[in-house]
Amino acid sequence: MTVTTPTTAPLLEVEDLRVTFGAKGKKQFTAVDGVSFGVAPGQTVGLVGESGCGKSVTSLAIMRLLPHRGNTVTGSVRFAGEDLLTLSDAAMRDHRGAELAMIFQDPLSSLNPVVPVGLQVTEVLKRHKGMKGATAKARATELLDKVGIPDPTRRLTDYPHQLSGGMRQRALIAMALACEPRLLIADEPTTALDVTIQAQILALLRELVEESGTALIMITHDLGVVAGLCDEVNVLYAGRIVERSDRHPLFETPRHPYTGGLLASIPRLDDPRGRRLTPVPGSVADNIPWEGGCAFAPRCSSEVAACRTTTPELVPDPEVGGNRLLRCHNPLPPDGSVLVRTAEPVETEAS
């Protein structure tokens, strides 16, 4: 197998992306607030955070799939040097599916329930590759076989409800890979699947990146997925990136209290039986505006006075160095000690 290593030049460069919902002159909500990141060919970049932090809206803005009305998108999304936000709808449709593709979170709602799976795959091939008839059908069969769907020839005539959840997700991946896109966005592609199928889907995505040099953006709240797949991780909170790091340093020494809270809330194999998890307190709705301080301050265990008065900037972390950016007035210690459990064991009848 030929392994393609990431190049230094980003294929996709997102700069100061902002997405605001609501009509002008009325109360508006900023879902994505100045997000910037890049992804190179052969690289996997993760966007991580709780539901409501802006991950999926970021991906929909990149793909130009947000409704035309009721929102405002600013900034730039440069793909191979071309700003996607300035393209006409027709030009964007030519890119979408051919050079840029997306795997959506829910395969059952993303696939047309009254159209056979094979026809949905061949539709992409007809639109962007000009394939027809037996040629398109043969390619669709090859794609279903590539993503691990058994008896792909028979499955071409099946409807989505006749497939299992894992097979539907594989069919979505086959559609996304049909035209061999240079950029693939995967939005929570394993959320509704059992752990065995999750592992197979992630292995398939990893193989795609390694063999073809595809640039992959992985959107997830599952840090286990991040640990096994991503090269670089962007942690989002309230529409802004609060920490950016290479994968291994992030898990070894999380610096932002939100990142540390996400890691501390995950069960670990070395935890004693009955040990309580340490969840992040509150909910994602417990925010203050970024303009007035740090949005995470109401939920933060490391809050200081400046958190309620001064907006933290995303700057290089002087304590850790490397490819680490941090948005925090009072970071966690750089020794990884935050991951040590301090909670008492749960009292049970057996104990």
Side-chain angles (χ1 to χ4, degrees), residues 1-14 37-48 55-56 58-65 77-84 87 92-105 107 110 120-121 124-125 127-129 131 139-140 142-149 169-191 193 197-220 222 225-234 246-247:
M1 179 179 68
T2 302
V3 177
T4 304
T5 56
T7 65
T8 56
L11 175 66
L12 180 78
E13 296 176 276
V14 178
F37 66 93
V39 55
Q43 183 184 29
T44 300
V45 171
L47 300 182
V48 182
K55 308 184 303 296
S56 294
T58 297
S59 67
L60 293 174
I62 292 172
M63 295 292 291
R64 294 268 303 272
L65 290 173
V77 178
R78 305 194 70 83
F79 176 77
E82 186 176 35
D83 191 351
L84 299 180
L87 296 180
M92 189 62 201
R93 283 194 296 270
D94 289 338
H95 280 296
R96 196 187 300 124
E99 295 188 289
L100 305 93
M102 186 167 176
I103 304 170
F104 295 93
Q105 181 173 351
S110 301
Q120 297 189 55
V121 178
V124 180
L125 298 170
R127 170 66 174 81
H128 295 289
K129 294 290 188 180
M131 294 184 181
R139 176 58 176 160
E142 179 184 341
L143 287 165
L144 294 186
D145 181 62
K146 181 178 180 179
V147 298
I149 293 182
Q169 190 63 277
R170 289 171 184 268
L172 268 186
I173 294 175
M175 293 172 62
L177 302 184
C179 297
E180 300 176 342
R182 299 166 66 190
L183 173 69
L184 180 64
I185 301 176
D187 185 5
E188 303 272 12
T190 61
T191 297
L193 307 178
I197 303 301
Q198 282 187 25
Q200 294 173 357
I201 296 296
L202 294 178
L204 177 64
L205 293 175
R206 188 182 302 111
E207 180 182 354
L208 167 71
V209 172
E210 292 176 346
E211 289 188 346
S212 64
T214 300
L216 174 63
I217 299 175
M218 173 60 70
I219 297 173
T220 182
D222 188 340
V225 171
V226 173
L229 193 65
C230 296
D231 302 308
E232 180 183 277
V233 185
N234 294 280
D246 294 334
R247 172 183 52 180

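One-based numbering along the sequence shown.
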Test item: D246 side-chain N/O and E232 main-chain N/O as donor-acceptor pair under 3.5 Å: no
Minimal non-hydrogen separation, G97 against V124, with atom names: O-CG1, 4.4 Å
For the student: nearest non-hydrogen atoms of P107 and L172, plus distance: CA-CD1, 3.4 Å
Min side-chain heavy-atom separation L184-L205 under 4.5 Å: yes
Contact check, side chains of H95 and E82, non-hydrogen atoms, under 4.5 Å: yes
pair K55-T220: side-chain heavy atoms closer than 4.5 Å: no
Heavy-atom pair with the smallest gap, counting every atom of A140 and V121: CB-CG1, 3.8 Å
Shortest non-hydrogen contact between V39 and A215, atoms and distance: CG2-CB, 3.8 Å
Distance in Å, R96 CZ paired with R127 CZ, rounded so as to fall on 0.5 Å steps: 9.5 Å
Shortest non-hydrogen separation from L143 to A174 and the atoms involved: CD1-O, 3.9 Å
Separation of Q200 CD from L202 CG (nearest 0.5 Å): 10.0 Å
Side chain to side chain contact (heavy atoms under 4.5 Å, CB included) assessment of L12 paired with V45: CA-CA 11 Å; L12 180 78; V45 171; over 6 Å; no
Side chain to side chain, F37 and T58, heavy atoms closer than 4.5 Å: yes
Sub-4.5 Å side-chain heavy-atom contact between L100 and P181: no
D231 side chain to T44 backbone, donor-acceptor under 3.5 Å: yes
Any donor-acceptor pair under 3.5 Å from R247 side chain to G46 backbone: no
V147 backbone acceptor or donor facing R170 side chain under 3.5 Å: yes
Spacing of CD1 belonging to I219 relative to OG belonging to S59, to within rounding of 0.5 Å: 3.5 Å
Reported CD1-to-CD1 distance for the pair I201 and I173, which is rounded to 0.5 angstrom: 4.0 Å
Minimum heavy-atom distance between P189 and M218, given as atom pair plus value: CD-SD, 3.7 Å
From M102 atom CE to M175 atom CE, the distance as rounded to the nearest 0.5 Å: 13.5 Å
Atom pair CD/CD of Q105 and Q169 - distance to nearest 0.5 Å: 9.0 Å
Pairing residues for R182 by the salt bridge (charged side-chain N to carboxylate O under 4.0 Å, His left out) criterion, not counting sequence neighbours: E99
